[in-house]
Amino acid sequence: MTIKTNRAILAMMLCCIAVLSFPVMAKDFIYIPCVNALEIIDCETDTVVESIPYNDYIVNSVFSPDKKRYYLNAFHSVYAIDTTTNKLIDTYKFSSELSRVTILGLGVSNDNSQLYLSCAIVKKKQNIPKLNVLPPQFVVYDIKTKKMVKNYQIPCSFTGVVPLRNDNDNVILVGLDIHKLNLKTGKLEKLMGMLNPEKGEEAKNGLVIWQNNYPGDHGLFANPYYTESGMGYFIVDKNTGKVSTLKGKDVWFEYSNVISPDKKYLYGVMDELVKIDMKTGETIKAIPVKKGTCYALTLTSDGKKIYVGPAGPDMSVYDTETLELIGTIPLAGDGVIAHLLPK
Amino acid sequence: MKKKKALKPVNKRAKKLEEKEVFGMSDDISTSMPIGCTTIFDTGWETNPRPETPMSNCLSSARDFTSCSGPCWWPAQTPDNITNFPDFQNQCRAIEKDWRNLNFVIKR
């Protein structure tokens with residue numbers, strides 16, 4: 001072997017070491033369940049790179065904790081998307097002509113094996129125009145066997161199902177009030193009154209549809225609420241199961257929130273994109289969303305871009321620092337939610 | 001207490017049509033929650049506190065239309081996507097562009 005060959009081998013080895021010593025940078029993708037198709041945006045190019053068809057309207061969605069599945073709630077059914085192949089792999093049907101199940105909230109167990117569903121159930125009787133409206137149920141559903149494991153009666157209108165990452169025995173339910181549900185006994189423990197506040201407190205009006213996700217997953221789920229005297233944000237810590245509030249200094253009409261990875265800022269959106277200081281509740285900046293009303297918010301892993309939308313068939317991309325519009329991405333249809341998935 | 005049946009079948013045909021219990025449901029009727037519509041306590045977003053533009057919620061109304069029909073927020077004004085018009089989105093995938101298709105709603 002010549003010296004020249006040895007040098008070439010050494011150079012190649014150094015190159016390999018250099019490549020392996022740098023961590024593989026994950027690419028950010030945003031999954032947007034639109035009307036009749038799941039659209040996937042590549043955050044590097046800000047374009048739709050994939051569209052997975054189905055025939056439905058999706059009200060909310062959630063990734064499994066291992067991020068291998070993306071579950072879409074179509075009220076009567078749940079669709080499962082394999083996030084590695086980006087294919088629709090299964091449909092879990094919960095409604096029939098005689099038993100109408102409306103899934104209001106959706107969550108996945110920490111071991112990825114069970115769906116947690118907050119359901120409204122109405123049963124029809126054969127041959128006669130009569131309906132039985134049954135008490136709402138919290139259903140634990142085994143994904144593999146496609147069978148209901150257990151169910152508990154719950155108060156109505158729990159649209160937010162928030163599993164706790166360090167507690168497999170309890171799940172937080174958010175709706176007219178915030179409760180902790182014991183999955184072993186079905187016992188409900190009220191954590192925060194909203195429609196039914198504690199004595200001396202104001203009633204809070206909150207619409208809980210969106211559980212926006214965030215890079216790094218600090219485990220804080222924030223949602224706006226409104227009282228007679230102003231607005232605030234309730235924050236559910238998925239690590240501890242504790243619920244706290246942040247009083248807003250100004251009143252902004254917001255559908256949903258996302259907290260920055262460093263937990264310094266809270267963003268909100270409806271007709272405006274709003275940036276709030278998490279320590280003081282003060283508004284740092286607010287701008288009208290050029291495209292109009294939007295529902296959801298998604299941050300990129302580097303924290304530099306925030307994706308606003310959908311509602312109408314588009315996503316608007318803003319700079320998180322300046323809240324300046326970077327661009328708009330057209331979508332195939334209207335939508336409600338968007339979630340980040342770094343790959 | 002067991003409820004009395006309001007109607008008793010008197011002939012063979014009527015007996016055949018007699019209501020049957022399905023999926024083990026009881027005769028107890030809870031009226032706390034109607035199917036689909038108005039499932040969520042949500043008032044207030046329609047009131048607009050802003051003194052200047054944008055003056056109303058939502059903007060434009062077309063952007064909020066599909067989602068209002070989904071959970072049945074305005075069942076008189078939008079197709080009831082849960083119960084009566086589950087496939088209305090096939091006519092109007094993006095209301096801003098396809099609103100002309102809303103001239104009529106095809107019932108399933």
Side-chain angles (χ1 to χ4, degrees), chain A residues 34-37 55-59 75-76 96 98-100 102 104 120-128 130-136 155-157 159 175-176 194-195 205-209 226 251 253 255 270-272 288-289 291-295 310-313 331-336, chain B residues 7 16-36 38-50 52-67 69-72 81-83 86-90 92-98:
Chain A
C34 296
V35 163
N36 286 353
N55 185 17
D56 231 317
Y57 163 85
I58 306 298
V59 64
F75 278 127
H76 50 83
S96 65
L98 292 175
S99 183
R100 306 291 296 272
T102 304
L104 301 175
I121 304 167
V122 174
K123 295 200 173 192
K124 263 186 190 175
K125 290 203 171 190
Q126 281 179 337
N127 303 325
I128 55 163
K130 186 177 171 186
L131 295 172
N132 265 13
V133 183
L134 303 184
C156 73
S157 303
T159 48
L176 303 186
M194 292 180 67
L195 184 66
N205 179 20
L207 172 65
V208 187
I209 302 279
Y226 297 85
V251 175
F253 272 45
Y255 274 128
M270 185 187 193
D271 295 335
E272 291 99 352
V289 179
K291 276 283 181 182
T293 295
C294 287
Y295 298 128
L331 301 171
D334 294 337
V336 187
Chain B
L7 291 170
K16 212 174 176 185
L17 285 171
E18 190 185 14
E19 63 176 87
K20 290 171 186 167
E21 292 290 314
V22 282
F23 296 110
M25 68 186 175
S26 69
D27 276 337
D28 298 328
I29 297 170
S30 157
T31 51
S32 62
M33 195 160 179
I35 187 165
T38 326
T39 49
I40 298 162
F41 171 65
D42 170 36
T43 55
W45 272 267
E46 296 74 43
T47 41
N48 171 16
R50 299 184 194 93
E52 54 200 33
T53 55
M55 296 292 281
S56 60
N57 301 319
C58 295
L59 291 169
S60 61
S61 58
R63 292 181 73 83
D64 201 38
F65 188 96
T66 305
S67 298
S69 77
C72 216
N81 189 236
I82 293 181
T83 307
D87 298 322
F88 110 91
Q89 81 276 359
N90 293 337
C92 301
R93 212 172 161 191
I95 299 289
E96 280 180 346
K97 298 173 194 166
D98 309 329

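Chain letters run A, B, ... following the sequence lines, proteins first and then strands; every chain starts at 1. Atoms considered below: every heavy atom in the structure, side chains included; atoms not considered: hydrogens, waters and symmetry mates.
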Novice: Between A/Tyr255 and B/Asp64, which heavy-atom pair has the shortest distance, and what is it?
Specialist: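 Taking A/Tyr255 first and B/Asp64 second, the nearest heavy atoms are OH-OD1, 3.5 Å.
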Novice: What closest approach, in Å, do B/Arg93 and A/Val35 show between heavy atoms, and which atom pair accounts for it?
Specialist: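 Minimum heavy-atom contact is NE-O, 3.0 Å.
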Novice: Hey, could you give me the CD1/CG distance between B/Ile95 and A/Asp334, rounded to the nearest 0.5 Å?
Specialist: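 Those atoms lie 6.0 Å apart.
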Novice: Quick check: closest heavy atoms across A/Gly335 and B/Ser67, and the distance to 0.1 Å?
Specialist: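 Looking at all heavy atoms of both residues, the closest pair is O-OG, 4.1 Å.
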Novice: Quick check for you: among A/Ala37, A/Gly292, A/Gly333, which has the greatest number of heavy-atom pairs under 4.5 Å with chain B?
Specialist: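 Looking at each of A/Ala37, A/Gly292, A/Gly333 in turn, A/Gly292 comes out on top.
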Novice: My understanding is that only residues two or more places apart in sequence, or in another chain, count here; which of them pass ring pair (Phe, Tyr, Trp, His ring centres under 6.0 Å) with B/Phe65?
Specialist: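 B/Phe65 satisfies ring pair (Phe, Tyr, Trp, His ring centres under 6.0 Å) with no other residue.
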Novice: Measuring heavy-atom distances to chain B, does A/Phe75 have an atom under 4.5 Å in its side chain, in its backbone, in both, or in neither?
Specialist: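 Side chain only.
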Novice: Output all residues satisfying side chain to side chain contact (heavy atoms under 4.5 Å, CB included) with A/Cys294, sequence neighbours left out; order by chain, then residue number.
Specialist: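 By the side chain to side chain contact (heavy atoms under 4.5 Å, CB included) rule, A/Cys294 matches A/Val269, A/Val289, A/Val308, B/Arg63.
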Novice: Below 4.5 Å, heavy-atom pairs only: which of A/Asp56, A/Val336, A/Ile58, A/Leu331 has the largest tally toward chain B?
Specialist: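 Top option by heavy-atom pairs under 4.5 Å: A/Asp56.
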